[in-house]
Amino acid sequence: MAMNDSSDPFHDPMASDGAPRALSARHLERLNETQRRAVETTDGPVLVLAGAGTGKTRVLTTRLGHILLSGKAHPQEILAVTFTNKAAREMKERVADLVGRPVEGWWIGTFHALAARVLRRHADLVGLKSNFTILDTDDQNRLIKELLPAQGIDSQRWPPKVVGGVLQRWKDRALGPEKVTGAEGSDIAEGRVVALYRAYQERLKQLNAADFGDLLLHCVTIFQAAPDVLARYQERFRYILVDEYQDTNVAQYLWLRLLAQKHKNICCVGDDDQSIYSWRGAEVGNILRFEKDFPGAVIIRLERNYRSTPHILAAASGLIAHNQGRLGKTLWTDLDGGEKVRVRGVWDSPQEARAIGDEMETLHRRGDPLSSMAVLVRTGAQTRELEECLITMGIAYRVVGGLRFYERQEIRDVVAYLRVIAQPDDDLAFMRIVNLPKRGLGEASLRDVHLYARAQGISLYRAAGRLVETDELRPAARRALGALIAHFEAWRGRSAEIKLAELLDQVLNGSGYLQMWREDKALDAPGRVENLKELTVGIEPFETLEMFLEHVALVMENETASEDDKVTLMTLHGAKGLEFDTVFMPGWEEGLFPHQRALDETGTRGLEEERRLAYVGLTRARQRAVILFAANRRIFGQWKSALPSRFLEELPGEHVERIVETGLYGNAGINAGSGGPGVPVAFPARLRAAPRTGQEASRRRTQGADDDAPFGVGVRVFHQKFGYGRVRAVDGDKLEIAFDKAGVKKVMTSFIRPADAL
DNA sequence: TGTTAACCGATTTTT
DNA sequence: TCGGTTAACA
């Protein structure tokens, strides 16, 4: 994953490889006719419209293998680009498998990783050194926060996050500060953002740093300003493959188009119906315009679906047909049978969670593994109620998404130490840890360092190094800062000789950082110590500090889920590219899905993107899709009533089974479906929920006699999610616990540990 | 300089 | 309702 070719960019290690051999017939036989055409149409521009579940990845990897093994190009002449590290890894593995040799050093990777690789080689052309630091969003916002006052921008009205977002969007569109027109920035912070953008880019240069957007933007700038450099890359990449083309932003599009200009053998795979990231700069227009951009392009539609039952496909197709301006394609399958898509209306959100839990339990008892089921929600907040329900029911689950490993505070802190070792001029990293753990370096001493650095035009680290030689600082501060600098010098001196894990160990212990967390009595401190230990394991495989830092910067992903049998809870966005036997989709209500903000902010465009999101959700299901909506839901602590989602009406009735709880609001707003016991009742203009009492806990499965209750009343216990608490009552394998923070809950014993066992 | 109290805002997320 | 962030305080 880290960049691992230090060789000359145009040296071709595979050139002396043996004679090309044809891709084995076996691989081609496994493709259907259309797929095979997508693989074998190697020359000229090709757009593969790959519907959900139509074997897109297989086509991509087989195509790459085919180009290679038919002798059309050497590995170093093929560029294969993905969006996520996960997709890149998958492609590398499958290609390696196909061609029977490792693919290290090949140009297969994410846009950002590959762009970084190019940029490191020509960094000087945009005023950077090749060892520049890659900043993430958090660094970016800290930097902007520092710069706001100088531009006279009120950080209350224009929070760094918001301003950072604006800058990022500009970069997505390949607009440097010089290209942003006055009109564009005029409505933000009284038109002062453009000046801030300029200052920000200037500061990045000083820091020898690039943010994510810069990786692409700088490349495009280089390609446009240095035709000779561009020409070499154009010459080199005879074949270009792009995954998830509908998600590309303008900068990525330009990057690709420039590179493809010479040979024009570019194959983009994507699905306009699965474009769900416009809010982060993706331009569906890129895929819609492909034929115009690349005259003579061949368009191949992969429509045969190998994933879902006919009812699911028909429901999804019927829904997405309500969108305008599609390239158009119709999924089909030759499987038969299967269940209709089920739509179920319930009174309130706890009942919705309960209905999901009940069905999971039924399926599980019938033999379906929990890992074959997923709940896909529109917003992250929806998982809370589900989690509470699943915990009381004793159904193991995992929430995908949320804070990632490298985003954790303690990991970022330690990485900051490593960054200062690798690049002493990294002021952001230096500031982060200069007084962490507390070394008595307060505002006053640091201001002195800042002033000195600015006066001398040097970095904070160097300024600190010089200042400790003088007596300008308070003796205590001087001593502390001197000790820190001495540590860094020692670590840096050793960093090339010792193993990375050992270096990390020395940093953790020598800095006092690990000790700080060990002594911390906070509830989560032990977990942080644990994470730091994990980091020492994670760092091991890397050869150099630089390679590790590149990995940290570009591979922000969560570790892959464990093998445990658990149901998956995630957002619809997070589910793209995945599949499950059974998919539950709660919260199909107006305002939540489609989300009100999407409607308010981007109107019809927003609505269509929400509809695509629904389409993505439905097409994740192999066997069974269950959609739910609740008449009442607690939003920000307040009970609110809602109408069923308009998407429900758009699902073709003959493929859907509707079950609406009696006495709800009848079938107002939704078609009377087949077989549902719903009774039409006038829908009250305003439904105030009277939250129901006590019914949820009453129905119990009777368990075999398990009398080894280690948790008596009054025992102090710990729960993974709810924290510490005290047992109030015992009921078989369920405990009623008064949690210190989370209140009184009923929880299965299996989720509980004695408090002192930690 | 560190801790608490009030305050605000609250889709979606990768790199 | 909750959590993150800032302002006020000891």
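Look at A:Arg404 and you'll find a side-chain N or O under 4.0 angstrom from OP1 or OP2 of B:dT14. Remark: A:Arg597 is in phosphate contact with B:dT11, judged by side-chain N or O atoms under 4.0 Å from OP1 or OP2. Put simply, A:Arg384 has a side-chain N or O that comes within less than 4.0 Å of OP1 or OP2 on C:dG3. Contact annotation: A:Asn85 side-chain N/O to B:dT14 OP1/OP2 distance is not under 4.0 Å. The side chain of A:Thr571 places an N or O atom within less than 4.0 Å of a non-bridging phosphate oxygen (OP1 or OP2) of B:dT13.
When each of A:Leu217, A:Val250, A:Asn249, A:Leu216 is checked for a side-chain contact (heavy atoms from CB on, under 4.5 Å) with A:Trp255, only A:Leu216 meets the rule.
Candidate nucleotides B:dT11, C:dT1, B:dT12 were compared by shortest atom distance to the side chain of A:Glu610, and B:dT11 ranks first. Checking B:dT15, C:dT6, C:dT1 against the side-chain heavy atoms of A:Lys145 singles out C:dT6 as nearest. Each of B:dT12, B:dT15, B:dT13 was ranked by its minimum atom distance to the side chain of A:Tyr277; first place goes to B:dT13.
In this structure, A:Phe405 and A:Leu535 have side chains that are in contact, with non-hydrogen atoms separated by less than 4.5 Å. Side-chain contact between A:Thr133 and A:Leu207: absent, with no pair of heavy atoms (C-beta onward) separated by less than 4.5 Å. Contact of the A:Leu148 side chain with the A:Pro160 side chain is registered, since non-hydrogen atoms from C-beta on lie closer than 4.5 Å.
Per the stacking criterion (ring centres < 5.5 Å, plane angle < 30°), A:His573 does not stack onto the base of B:dT12.
When the nearest nucleotides of DNA chain B are assigned to A:Asn435 and A:Glu601 by heavy-atom distance, the more 5′-ward of the two goes with A:Asn435.
Protein atom CZ of A:Arg169 is 15 Å distant from nucleotide atom P of B:dT15, rounded to whole Å. At whole-Å resolution of the value, CG in A:Asp211 and C1' in B:dT14 are 14 Å apart. A:Ile276 places its CD1 atom 10 Å from the C1' atom of B:dT13, with the value rounded to the nearest Å. Distance CZ (A:Arg633) to C1' (B:dT11): 14 Å, rounded to an integer number of Å. To the nearest angstrom, P of B:dT14 lies 7 Å from CZ of A:Arg280. Between the P atom of B:dT12 and the CG atom of A:Leu572 lies a distance of 11 Å, rounded to the nearest Å.
Counting any heavy atom pair closer than 4.0 Å across all strands shown, A:Phe83 reaches sugar-phosphate atoms only and no base atom. Counting any heavy atom pair closer than 4.0 Å across all strands shown, A:Glu385 reaches no nucleic acid atom. Across all strands, A:Gly380 comes closer than 4.0 Å only to sugar-phosphate atoms, never to a base (heavy-atom distances).
For A:Tyr253, the ring-ring contact (aromatic ring centres under 6.0 Å, His included) test picks out no residue, with sequence neighbours left out.
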